[in-house]
Structures are given as C-alpha cells and as structure tokens.
Chemist: 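Mind looking over this structure? Questions follow.
Ligands are counted one by one from 1 in listed order, and the atoms in each one are counted from 1 as well. The residues of the chain are indexed from 1 along the displayed sequence.
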Amino acid sequence: MSWPRVESVEIFCVQLPYREAFTIATGTSTASWNLVVKVVVEGGVEGWGEGSPSYTVLGETRGSVVASARRLAELLAAERELSPERLYELCSQSPSPSAAAAVEEAVLDAWARSAGVSVAKLLGGPYREAVETDVTIGIMEPEEQAKRALKFVEMGFRVLKLKLGLDPEKDVERVKAVRDAVGEGIRIRVDANQGWSVEQAVSVINRIARFDVEYVEQPVRWDDLQGLARVRRESPLPIAVDESVKKPADVFKVARAEAADIVNIKVMKSGGLLGALRVAHASEAAGLANMVGCMGEGRLGITGAVCFAASALNVKYVDLDSDVLLAEDYAEGGSAIEKGARKVPEGPGLGVKVDASKLTKLAAVKRA
Ligand SMILES: [Mg+2]
C-alpha cells in the first residue's frame, strides 16, 4: 500500500466539561481543554485526531500547543513521500507532544480509512479484541471516594484507580474505606501523582498493602529516581512510574536506577501512537511492564489509545477512562465501553464519528 499525502489540516480547540470537579495531588480541574485536528489526504479521505495538553506534566500552554500543531501541519503538507517512520520523526521533534499526538492520530486515521483497515491493524494489531480499563476516582473525603467506588462497581467496573497524594494519613483511610465498601474481587490501584515524600510514601504503602492494592503509581517526584528506587526497595507493592517517563530513553533511566516495575505510557506524553509503541518496545527490552493511561481525552483520543493498548504485547494494565468523566463530547462511536471493557474498533480508521455541530458548540477558538 502507499501512504497518501496530506493535503490539508484544520485545527480546532475545544473545552470539554467534566461531570464533576476532578482533583489530583497537583490540582483540580473542571474541564479539559483539547485540540482537535482534521486532515484530508490524497484521494479526499479525511481523518480526525485529538490532543489533550498538560502544563503540569509536559509544560504545554495553549499558545505553544496551537503553534506546534500549525507548524507540524505545514511540515506534513510539504512532505512528498510521507511514511510512518517520517511521520514519527516529525512528531518526535515537535515542542508540543500533545499537538503532535493530535496531528499524528488524524493522519493515521485517514491512512487506515484509505486502506479500508482499522487503526489497530495499522499499528500491527489488534493483539487483543478488548481491553479492561479501570475507572479513576479523584481525591475527596474517604467516605465520598467509597460511595463513588460502589457506584462504579454497580456500573460494572472491576478495577478502580484511586487518586491519593494530598494527605498521607487520609490516604490510608481512603484506601481502607474503598476496600471496605467494595469487598474482595475488585482490583484497586492507586496514584499519588508525586504527592508524597520518600518517607511518606514508604509509610503509606506499607500501611495500605493489607487492603490488597495492585500497584502504586508515581509515589514521589518524577525526577527523584533514587527516591523512587528507595520506595520500591522498601515497599511490598509494585511501583509504577508515569510522570518520570515521556520518551523511550526515559525508560532506561528508570530501569538503570531500578526505580519501578511498571511504566505508564500515555499517547500524549509520547507524541502519538507510533511514539507510544516505541516506549512499549523500550519497556519490553528493559524488562518493565506497561500500563496505558490518558490525560483528558474525549472519545476520539481515547479510541486511539485503545487501539495502541490492544496492539502492544507488553501492555498489562489499562487506565483509559477520561471520556467517562466528561459531561459533553463532540465525538461518538470508536471504542465503546461496557462494564469496564473497551472494544477495539474494527474500522475503517478509528471508527469515530465527529458531530460537526457539537464540535462548533464546544469550540473555544477555531484556527485555519
Ligand atoms: Mg498517573
């Protein structure tokens, strides 16, 4: 098959409100500000992609994201022989990984549609027909977190991810309250989003281990690999890193420091689906397992991440639920979710339908 040239790129910015305020150790948000990209490739086939920027993790601002997407659009339009490898090269050089992820997803969607296959197939999969995702509960009072946990279990979720990291004493109470509420048989993992000191992390983890916690994500600062290694040595639970790994090379820094057991890959951190595959391959080579997480993507961005998660052998855990937390979205179809199981769309492309009137309604600014 050939790789159709990119003929045009359109960029939209949208504001997607959450059902309720979402608090983690680094802050509270009430909406997700996302970038939506439409490309048209040779033959008139269109593709769509979504980016969900992060100032806290990636240092991205709205201005830098839009400027990066426009620059990448110019570079792609000028390419005579665009291939997946060249697309990866251009995306990996973008100053904004989430802008690159949005543009790249749109191109892959259009290429897959042109070939009449799914994006998962384009990525070398699908290796799995569906993935089981957790659902995330933001930081709130322990009894409130327990109530949310019960509600999600009633909806059919079998895996819960609790946000911790604001108050070590209460964090122990949170995990206890949720385990008491849901009983045995439901998997619980926790994410401190860098909120603990090394001493706090060791203390909390040793106290929550008796509530059957699957693993602990990013207990301490992203750049404190020696601290992470100490937490891991003194912890009875597996340790996952998220903020510490963005690019493939970061995996080896973590592995050399013996700082983690699991690497959380996010398409937004790795600048696209092809970059995410590279992080999975690096993790496999370094002997670390992968989970796949998300920022604030809606159905469109999440569907791309599901296609990746279903296609990479090394992925053992999935945290792809941000669209569940949204009150409004402009996209439908793609990867449907039922009782925590996310189906891999059969295509063509991502199988996502963008509702133009909803996109306009949610659009903050439109740029050509
Ligand atoms: Mg995380």
Chemist: Report yes or no: is the cationic atom of K353 (NZ for Lys, CZ for Arg) closer than 6.0 Å to the six-membered ring centre of W48, at no more than 45° off its axis?
Modeler: no

Chemist: Return yes if a side-chain donor-acceptor contact under 3.5 Å exists between Q218 and D242, otherwise no.
Modeler: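 No, because no side-chain N or O of Q218 sits under 3.5 Å from a partner of the opposite role on D242.
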
Chemist: Is the side chain of D321 donor-acceptor paired with the backbone N or O of V324 at a distance under 3.5 Å, no angle test?
Modeler: no

Chemist: Listing by chain and number, what protein N/O/S atoms are under 2.8 Å from the Mg ion (ligand 1)?
Modeler: D191 OD2, E217 OE2, D242 OD2

Chemist: Is there a donor in the side chain of T23 and an acceptor in the side chain of T28, or the other way round, less than 3.5 Å apart?
Modeler: yes

Chemist: So among R189, R158, K161, which one has a salt bridge (Lys or Arg N to Asp or Glu O under 4.0 Å) with D134?
Modeler: R189

Chemist: Does atom NZ (K121) have a neighbourhood of more than 12 heavy atoms from anything else shown, all under 6.0 Å?
Modeler: no

